[in-house]
Chemist: 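Before I ask anything, let me first share the structure, which is written out below as structure tokens.
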Amino acid sequence: MDTGTHIVMGVALAGLSTLDPVVNNDPVLFNAVLVGTIVGSHAPDFDTVLKLRNNATYIRHHRGLTHSVPAVIFWGVLIASLIHLFFPQVNFWHLYGWTALAVIIHVFVDIFNAYGTQAYRPFTDKWIAHGFINTFDPYIFALHLAGIVAWILGANPGTTWILIYTVILLYYIKRYMDKKEIVKTIKEYFPDTIEVATSPTIKQNYWRVAITTENRFYVGTVENGHIEIVDEFQKIALPDSPVIDIAKTDKNISAFLSFSPVYRWEINEFDDYTEVRFIDLRYRSKTFYPFVAVVQINLDNEIVSSYTGWIFSEHKLQNKLYVGDSPI
């Protein structure tokens, strides 16, 4: 989920913590728990700082190790221990329990969007992305804001948040059923479907889908239950060639391939270099596919430029790849 949603979830958990008699009867412990749940609700995303290094490092590691099973345990212990230094008189285990729960819920809700996480590491490096809740869902965010306002106006926080989270749970079930119906319809139309990657949008009844069959990729949209195929590509395995072998050694290409399960590729030859391009099919925006990885290899089989990340025009992409005064 987005940062704002994680933060309001932290506030909500602090409200729920008032159902714990130990927290409810100790104002100092409640304040410590409030800090713990807010920080814990955001902690796994501290790896966003990796973007300052480069996109390849960010893509390879964001929502990876920091969302793993060992990290979830680590974040809870670390945050609760640091807070306890400032509030040594409070019950550590109750502080830790609510802080750890905030971290767990952060990782848990992230598995339902299209980006996903490596939440099951170290048992598997597979990205878990169920794809039926948008990274920012206005309904979930609005319900949290309504709960916070009700709490400020004097509503009982425990009762308020139980009610709101019951509604959110039903909403998750509804979105899961929506996705299930979409996948069912696609498989009826394409019996040889291998996988369907769904990407819900901020609009409740509008989804993006990327369909993998035995021989083709299909990219489409779903609006009010109506599925429209907007692009179609032949499914071709990566060739066994020196250019591809060199491309795979590049950090940007390697990061892209470690993350993207549905992509097509292109090899374009120019006078002075060969360009290998990988295009993720899950995130079509209008007529453009913004999540790409590109590497350019000169006639001496040397990598001269590469890039991976989100880019929304060919002109901007070429600016990213531009090297010195060369045409590359």
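Just so it is clear, the structure is predicted and the values come from calculations on it, not from any experiment.
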Chemist: Mark yes when over 12 heavy atoms from residues, nucleotides or ligands other than F87 sit less than 6.0 Å from its CZ; otherwise mark no.
Modeler: yes

Chemist: Counting distance only, does the side-chain N/O of N298 pair as donor-acceptor with the main-chain N or O of D300 below 3.5 Å?
Modeler: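 Yes, because the side chain of N298 sits within donor-acceptor range (under 3.5 Å) of the backbone of D300.
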
Chemist: Examine distances only and state if a side-chain atom of N25 and a backbone atom of P21 form a donor-acceptor pair shorter than 3.5 Å.
Modeler: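 Side chain of N25 to backbone of P21, a donor-acceptor pair under 3.5 Å: yes, one is there.
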
Chemist: Less than 4.5 Å apart, any side-chain heavy atom of L29 and any of N24?
Modeler: no

Chemist: Does a side-chain heavy-atom distance below 4.5 Å link D45 with H67?
Modeler: yes

Chemist: In the structure I gave you, are the side-chain heavy atoms of F256 and V292 within less than 4.5 Å of one another anywhere?
Modeler: no

Chemist: If hydrophobic clusters are built by linking Ile, Leu, Val, Met, Phe, Trp and Tyr wherever their side-chain heavy atoms come under 4.5 Å apart, do I162 and V8 end up in the same one?
Modeler: yes

Chemist: Can you tell me how far NE2 of H42 sits from CD1 of I7, rounded to the nearest 0.5 angstrom?
Modeler: 6.5 Å

Chemist: Decide yes or no for E223 and N205: does some side-chain heavy atom of the first lie under 4.5 Å from some side-chain heavy atom of the second?
Modeler: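 Not touching, per the 4.5 Å side-chain cut-off.
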
Chemist: Is a side-chain donor or acceptor of W98 paired with a backbone partner of A32 at a separation under 3.5 angstrom?
Modeler: no

Chemist: Could you please spell out the steps behind the side-chain contact (heavy atoms from CB on, under 4.5 Å) verdict for F190 and V196?
Modeler: CA-CA 11 Å; F190 299 107; V196 179; over 6 Å; no

Chemist: What's the separation between atom CD1 in I148 and atom CG in L153, rounded to the nearest 0.5 Å?
Modeler: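 The distance works out to 12.0 Å.
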
Chemist: What I'd like to find out is whether the side chain of I140 reaches to under 4.5 Å of the side chain of M9, using heavy atoms alone.
Modeler: yes

Chemist: State yes or no: do Y139 and L169 share one hydrophobic cluster built from I, L, V, M, F, W and Y residues joined by side-chain heavy-atom distances below 4.5 Å, directly or via other members?
Modeler: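 Result: yes, single cluster for both.
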
Chemist: Does the ring of F259 carry R282 above it, NZ/CZ under 6.0 angstrom from centre and within 45° of its axis?
Modeler: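 Cation-pi check for R282 and F259: passes.
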
Chemist: Roughly how far, to the nearest 0.5 Å, is the OG1 atom of T201 from the CG atom of N134?
Modeler: 6.5 Å

Chemist: Keeping R121 on the side-chain end and T66 on the backbone end, is there a donor-acceptor pair under 3.5 Å?
Modeler: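 Looks like no, no N/O pair under 3.5 Å.
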
Chemist: Write down the atom of P239, the atom of I267, and the distance for their closest heavy-atom approach.
Modeler: CG-CD1, 4.3 Å

Chemist: Is there a side-chain contact between F288 and I311 in this structure, where contact means two heavy atoms from C-beta onward sitting under 4.5 Å apart?
Modeler: yes

Chemist: Does atom CZ (F86) have a neighbourhood of more than 12 heavy atoms from anything else shown, all under 6.0 Å?
Modeler: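 No, CZ of F86 has 12 or fewer neighbouring heavy atoms, counting only those of other groups under 6.0 Å.
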
Chemist: CG/N113 to CD1/I133 distance, rounded to the nearest 0.5 angstrom?
Modeler: 9.0 Å

Chemist: Would Y307 and L317 count as a side-chain contact (heavy atoms from CB on, under 4.5 Å) here? Give the steps.
Modeler: CA-CA 8 Å; Y307 175 81; L317 175 59; 3.8 Å; yes

Chemist: Contact between Y115 and D110 at the side-chain level, heavy atoms closer than 4.5 Å - yes or no?
Modeler: no

Chemist: With side-chain contact (heavy atoms from CB on, under 4.5 Å) as the test, would you mind laying out the steps for L238 and F278 before giving the verdict?
Modeler: CA-CA 10 Å; L238 281 173; F278 295 86; 3.7 Å; yes

Chemist: Classify the ring geometry of Y176 against F132: parallel below 30°, tilted from 30° to 60°, perpendicular beyond 60°.
Modeler: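 Ring orientation of Y176 relative to F132: perpendicular.
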
Chemist: For I168 and H144, which heavy atoms make the closest approach, and how far apart are they?
Modeler: CD1-CE1, 3.4 Å

Chemist: Output the distance between atom CG (L163) and atom CG (N156), rounded to the nearest 0.5 Å.
Modeler: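 Answer for the CG-CG pair, L163 versus N156, is 11.5 Å.
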
Chemist: How close do A293 and N252 get, counting heavy atoms only, and between which atoms?
Modeler: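 Answer, listing the atom of A293 first, then N252: CB-O, 4.1 Å.
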
Chemist: Should Y189 and I227 be marked as a side-chain contact (heavy atoms from CB on, under 4.5 Å) after you check the CA-CA gap, both sets of side-chain angles, and the distance that decides it?
Modeler: CA-CA 10 Å; Y189 194 80; I227 300 171; over 6 Å; no

Chemist: Is it the case that the side chains of D280 and S260 hold a donor-acceptor pair, with the cut-off being a distance below 3.5 Å and no angle test?
Modeler: yes

Chemist: Can you say whether the rings of Y96 and F92 are parallel (under 30°), tilted (30 to 60°) or perpendicular (over 60°)?
Modeler: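 Y96 and F92: parallel rings.
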
Chemist: Is there a path of hydrophobic side-chain contacts, each under 4.5 Å between heavy atoms of I, L, V, M, F, W or Y residues, that connects L95 with V77?
Modeler: no

Chemist: Does any non-hydrogen side-chain atom of T212 lie less than 4.5 Å from one of F217?
Modeler: yes

Chemist: Of the non-hydrogen atoms in P70 and P122, which two are nearest, and what is the gap between them?
Modeler: CD-CD, 3.6 Å

Chemist: So how far is it from I105 CD1 to L101 CG, rounded to the nearest 0.5 Å?
Modeler: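 So the CD1 of I105 and the CG of L101 are separated by 4.0 Å.
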
Chemist: Treating Ile, Leu, Val, Met, Phe, Trp and Tyr as nodes and any side-chain heavy-atom pair under 4.5 angstrom as an edge, say whether I164 and F108 lie in one connected cluster.
Modeler: yes

Chemist: Specify the closest pair of heavy atoms between R216 and Q234, including all atoms of both residues, with the distance to one decimal.
Modeler: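 Reported closest heavy-atom pair: NH2-N, 3.7 Å.
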
Chemist: Classify the side-chain pair S17/D20 by whether it contains a donor and acceptor separated by less than 3.5 Å.
Modeler: no

Chemist: Would the number of heavy atoms belonging to other residues, nucleotides or ligands and lying under 6.0 Å from CD of E269 be above 12?
Modeler: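 12 or below, so no.
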
Chemist: Near K126 NZ, under 6.0 Å, is it more than 12 heavy atoms from other residues, nucleotides or ligands?
Modeler: no

Chemist: Which residue is it: L281, V183, I186? I am looking for the one with a side chain to side chain contact (heavy atoms under 4.5 Å, CB included) to V209.
Modeler: I186

Chemist: Here's a test for you: under salt bridge (charged side-chain N to carboxylate O under 4.0 Å, His left out), which of R264, K286, R284 qualifies with D231?
Modeler: R284

Chemist: Students often mix this up, so state it plainly: with edges at 30° and 60°, are the rings of F30 and W151 parallel, tilted or perpendicular?
Modeler: perpendicular

Chemist: Which atom names give the shortest non-hydrogen contact between S254 and K248, and what distance separates them?
Modeler: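 Residues S254 and K248, closest heavy atoms: CB-O, 3.9 Å.
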
Chemist: Are E314 and R277 close enough for a salt bridge, meaning some N to O gap below 4.0 Å?
Modeler: yes

Chemist: Kindly say whether D125 contributes a backbone atom to a donor-acceptor pair with the side chain of Q118 at under 3.5 angstrom?
Modeler: yes

Chemist: Just by distance, do the side chain of W161 and the backbone of A14 share a donor-acceptor pair under 3.5 Å?
Modeler: no

Chemist: Do any N or O atoms from the side chain of S41 and from the backbone of I38 form a donor-acceptor pair under 3.5 angstrom?
Modeler: no

Chemist: Taking only residues two or more places apart in sequence, or in another chain, which ones meet F141 in a ring pair (Phe, Tyr, Trp, His ring centres under 6.0 Å)?
Modeler: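 Ring pair (Phe, Tyr, Trp, His ring centres under 6.0 Å) list for F141, sorted by chain: F136.
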
Chemist: Verify the cluster assignment for I73 and L13: are they in a single hydrophobic cluster under the rule of side-chain heavy atoms below 4.5 Å apart?
Modeler: no

